Amino acid sequence: MIKTIRNLVLIFVILVMLGFSLMVLSCTIPTDNAYASFSQDDVLSDGLYPMLIPGYQSTELDMYTDSKILSEVSYYNRSQSLISNSMRNYGTKGKNFDKFIKGEENVFQDHPHYWCGNLAVLRPLFYFIDYNSFRVLELFFELIMVLAILRQMIERNLKKFIVPFLLALFLIHPETIGMTIQYSVVFNIMVISVYALLRFKDALFEGNRLFYYFLTIGMATSFLDLLTYPLVSFAVPMTFYLLLERNRSNLKDNVMKFILFGLTWSIGYVGMWASKWVISSILLNENIVAYSLNKLLFRTSNVEFARMDAILMNLSVYRHKSYLIIFALIAIYYAKRFIDLKERISLGNLKGALPFLLVAMLPFVWYLFASNHSYIHFWFTYRELVIFFFAILCTLELVIEKYDVSDDDKFL
């Protein structure tokens, strides 16, 4: 265990140094190409928050944040040092992006409390392509990664969980995710992490390597994401881990791994975020730590509404009749399969489902914790619910598997 902790600390330090280096290096890339390409794209032609399907907030885009990101990609404050630019992440407000591109808007704000690590990827990327090209490539990447995961699921004897996986993805609208930089980050981390877990299972399951795996995911999420639906990068891979171990580990082991891996991911996520505050405070000679803590307290507060309202707001995106029909069809599908089971189900024999139910509760814990952020930005934070959908549907499949297969292939 001491060796594992030492390795975790070493990985943490290396990844923080790597993140810092990437931010500095990305600021050396000329911004002229990006600026010119964005000026040709009518990024805000449909407004700041257009919906792919009118009236469905589950398909609402966040062009406000994407415009802010694009301004950060294409701007370098020549009156400030390279370090200052890499730590402050200068950009304009999303609503002012059109004016900025036309040279009419010079008011900039900085974000020293976020790594904004996506800029380390986007700056070199947008040197060669424009915004709409990014959208096409992102949608293609999503398709390829989902297909790759499905192939691995078949090879790992997880075919019966393909339907839950695809249904869960459908309910968070991946076509909308592919249309925005803001939404795509966590989704990309999640699918890459899941693919890696399935593809390199034998290597990752050796020793304590899964602790390194979840630490890296947590740090990558903190570095790249702007607080969208971060828990997805932990909970979906965690669910796949539980599926892979369903016939090998007992209940106590799985619950303990859920706690330990969750703690490791959290240390990576929070630690990476806090490291930016400390580094910025030192290099910029400002108290960024106090500034960031105030921002954090605001995002986790419940101003003028109850914390339960944050949960209700996120669930409200599924209030439309079409979703109710979809949920009804899913319920009928599984009800029919339960009815067809020859053996009567005993709830006392389903203890093995507990870890999946713990995973399923994570979105609601997050909404209660980050209530202010989850309430205000419910049209994209609702995607945390993919955790609930996937874990619950997997639980149903596990119950059916237990009562519909031979004794030597049961998950308990």
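The model shown is predicted, which means the values in this text are computed figures rather than measured ones.
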Discussion item. Any heavy-atom pair between the side chains of Y76 and I29 that's under 4.5 Å?
Written reply: no

Item to complete: For the residue pair Y241 and F205, categorise the inter-ring angle as parallel (less than 30°), tilted (30 to 60°) or perpendicular (more than 60°).
Response: tilted

Practice prompt. Nearest 0.5 Å please: distance from the CG atom of L82 over to the CE atom of M23.
Written response: 10.5 Å

Fill in: Aromatic plane relationship, F126 with F134 - under 30° parallel, 30 to 60° tilted, over 60° perpendicular
tilted

Discussion item. Quick check: closest heavy atoms across E72 and C116, and the distance to 0.1 Å?
Written reply: OE1-SG, 4.3 Å

Discussion item. Go through it in stages, so that I can follow the logic: the residues are D130 and S133, the test is side-chain hydrogen bond (donor to acceptor under 3.5 Å, both in side chains), and I'd like the CA-CA distance, side-chain angles, deciding distance and then a yes or no.
Written reply: CA-CA 5 Å; D130 58 22; S133 296; 2.7 Å; yes

Worksheet entry | Non-hydrogen atoms of I53 and T59 that approach each other most closely | N-OG1, 3.0 Å

Worksheet entry | Gap separating the OH atom of Y75 from the SG atom of C27, nearest 0.5 angstrom | 12.0 Å

Fill in: Side-chain donor-acceptor contact under 3.5 Å, Y375 with D309
no

Discussion item. Salt bridge check, R337 against E397: does any charged N sit closer than 4.0 Å to a carboxylate O?
Written reply: yes

Worksheet entry | K257 and E245 ion-paired at < 4.0 Å | no

Worksheet entry | Qualifying residue for ring pair (Phe, Tyr, Trp, His ring centres under 6.0 Å) with F214, from F258, Y269, F261 | F261

Worksheet item: Should the pair Y56 and H320 be assigned to parallel (<30°), tilted (30 to 60°) or perpendicular (>60°) ring geometry?
Response: parallel

Worksheet item: Given side chains that start at C-beta, do those of V16 and F223 come closer than 4.5 Å, heavy atoms only?
Response: no

Discussion item. Over 60° means perpendicular and under 30° means parallel, so tell me whether F369 and W366 are parallel, tilted or perpendicular.
Written reply: tilted

Worksheet item: Does some side-chain heavy atom of I177 sit less than 4.5 Å from a side-chain heavy atom of H173?
Response: no

Discussion item. Given 3.5 Å as the limit, does a donor-acceptor pair link the side chain of R246 with the main chain of L243, or not?
Written reply: yes

Worksheet item: Can you tell me if CZ on R319 sees more than 12 non-hydrogen neighbours from other groups inside 6.0 Å?
Response: yes

Fill in: Distance (rounded to the nearest 0.5 Å) between E60 CD and Q57 CD
5.5 Å

Worksheet item: Can you name the closest pair of heavy atoms from S86 and N89 and give their distance?
Response: O-OD1, 3.4 Å

Worksheet item: Does the side chain of L70 reach to within under 4.5 Å of the side chain of I181, using non-hydrogen atoms?
Response: yes

Worksheet entry | pair Y131-D66: side-chain heavy atoms closer than 4.5 Å | yes

Worksheet item: Would the number of heavy atoms belonging to other residues, nucleotides or ligands and lying under 6.0 Å from CZ of F327 be above 12?
Response: yes

Practice prompt. I would like to know whether N85 and Y90 meet side chain to side chain contact (heavy atoms under 4.5 Å, CB included); could you show each step before the answer?
Written response: CA-CA 7 Å; N85 274 276; Y90 291 102; 3.6 Å; yes

Worksheet entry | Set of residues satisfying side chain to side chain donor-acceptor pair (under 3.5 Å) with respect to S292, sequence neighbours excluded | W277

Item to complete: Can you label the angle between the F364 ring and the Y367 ring as parallel, tilted or perpendicular, going by 30° and 60°?
Response: perpendicular

Worksheet item: Should the ring pair Y318 and F389 be called parallel, tilted or perpendicular, given that the plane angle runs from 0 to 90° and is split at 30 and 60?
Response: perpendicular

Item to complete: Before giving the answer on side chain to side chain contact (heavy atoms under 4.5 Å, CB included), spell out for L226 and I69 the whole-Å C-alpha distance, their side-chain angles and the decisive distance to 0.1 Å.
Response: CA-CA 10 Å; L226 292 176; I69 293 172; 3.9 Å; yes

Worksheet item: Is there a side-chain contact between F234 and I387 (heavy atoms, below 4.5 Å)?
Response: no

Worksheet, complete the sentence: Nearest heavy-atom approach of L198 to L158 is CD2-CD1, 3.9 Å

Item to complete: Evaluate the side-chain proximity of M87 to I279: yes if any heavy-atom separation is below 4.5 Å, no if none is.
Response: yes

Worksheet item: Are L169 and M190 side-chain neighbours, meaning at least one heavy-atom pair lies under 4.5 Å?
Response: yes

Discussion item. Nearest 0.5 Å, please: how far is OG in S58 from CG in N314?
Written reply: 12.0 Å

Worksheet item: For M361, does the CE atom have more than 12 heavy-atom neighbours from other residues, nucleotides or ligands under 6.0 Å away?
Response: yes

Discussion item. If I compare all heavy atoms of N188 with all of E138, which pair ends up nearest, and what's the gap?
Written reply: OD1-OE2, 2.8 Å

Worksheet item: For Q182, which residues count as a side chain to side chain donor-acceptor pair (under 3.5 Å) partner, sequence neighbours excluded?
Response: none

Discussion item. Going by side-chain contact (heavy atoms from CB on, under 4.5 Å), name the residues that satisfy it together with L22, two or more places apart in sequence or in a different chain.
Written reply: L18, A120

Fill in: Chi angles and distances behind the ring-ring contact (aromatic ring centres under 6.0 Å, His included) call for F161, F240
CA-CA 10 Å; F161 304 104; F240 272 97; 8.6 Å; no

Discussion item. Looking at every non-hydrogen atom in both residues, tell me the closest pair between I288 and S281 and how far apart they are.
Written reply: N-OG, 3.0 Å

